[in-house]
Amino acid sequence: FAVGQTPRSLAFNADGGLLAVANFDDNTVSLFSIATSGVPSAVAASPVHVGQMPWAVAFSPAGVLVTALEPRESFQARTINAGLLDASFA
């Protein structure tokens, strides 16, 4: 499977069914659905533009995707609905 330029970080959600990859040099996060067989497939509209130089991603226990951006004092948190990122709320 393909990701964006300069992948810096990856994270699985709590149930392991979704993978997020921070692509530093193209300012995106790639999202992949993980089948029960372990095979990833890109979700619709992936990769998603998230802001300047994402360098880390993580999922909260509630499934919110948190992306750390440059400068390192900024971050973004987005809910995921049916594999798609909803509007940023942080």
Side-chain angles (χ1 to χ4, degrees):
F1 62 94
V3 297
Q5 294 179 338
T6 317
R8 296 282 302 254
S9 172
L10 61 87
F12 287 93
N13 70 344
D15 70 8
L18 192 62
L19 170 67
V21 180
N23 304 309
F24 188 80
D25 284 337
D26 63 2
N27 303 323
T28 64
V29 169
S30 297
L31 292 173
F32 298 92
S33 177
I34 308 299
T36 55
S37 64
V39 176
S41 59
V43 301
S46 179
V48 177
H49 186 270
V50 293
Q52 185 178 351
M53 300 177 198
W55 57 273
V57 289
F59 284 96
S60 76
V64 173
L65 176 65
V66 178
T67 306
L69 305 169
E70 289 288 343
R72 294 196 174 173
E73 293 83 25
S74 65
F75 74 95
Q76 185 178 88
R78 292 183 175 196
T79 57
I80 298 177
N81 184 9
L84 300 174
L85 288 176
D86 289 339
S88 175
F89 61 86

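Nothing here was measured: the structure is a model prediction, and the numbers come from that model. All values below were derived from every heavy atom in this structure, side-chain atoms included, with hydrogens, water molecules and symmetry-related copies excluded. Position 1 is the first residue of the sequence; numbering continues from there.
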Enquirer: Can you name the nearest heavy-atom pair linking Gly4 to Asn23, along with the distance?
Expert: N-OD1, 3.1 Å
Enquirer: Minimum heavy-atom separation for Ile34 and Gly16, please, with both atom names.
Expert: CB-O, 3.5 Å
Enquirer: Taking all heavy atoms of Trp55 and all of Arg8, pick out the closest pair and write down the distance.
Expert: O-CB, 3.7 Å
Enquirer: Should Leu69 and Met53 be marked as a side-chain contact (heavy atoms from CB on, under 4.5 Å) after you check the CA-CA gap, both sets of side-chain angles, and the distance that decides it?
Expert: CA-CA 6 Å; Leu69 305 169; Met53 300 177 198; over 6 Å; no
Enquirer: May I ask you to test the Pro54-Asn27 pair for a side-chain heavy-atom distance under 4.5 Å?
Expert: yes
Enquirer: Give the minimum heavy-atom separation between Ser33 and Val43, together with the two atoms involved.
Expert: N-CG1, 3.7 Å
Enquirer: Closest approach of Ala22 and Val29, non-hydrogen atoms and distance?
Expert: CA-CG2, 4.4 Å
Enquirer: For Asp25 and Gln5, indicate whether the former's side chain and the latter's backbone hold a donor-acceptor pair under 3.5 Å.
Expert: no
Enquirer: State whether the side chain of Ser9 and the backbone N or O of Val57 hold a donor-acceptor pair below 3.5 Å, judged by distance alone.
Expert: yes
Enquirer: If I take atom CG from residue Leu31 and atom OG from residue Ser41, how far apart are they, to the nearest 0.5 angstrom?
Expert: 11.0 Å
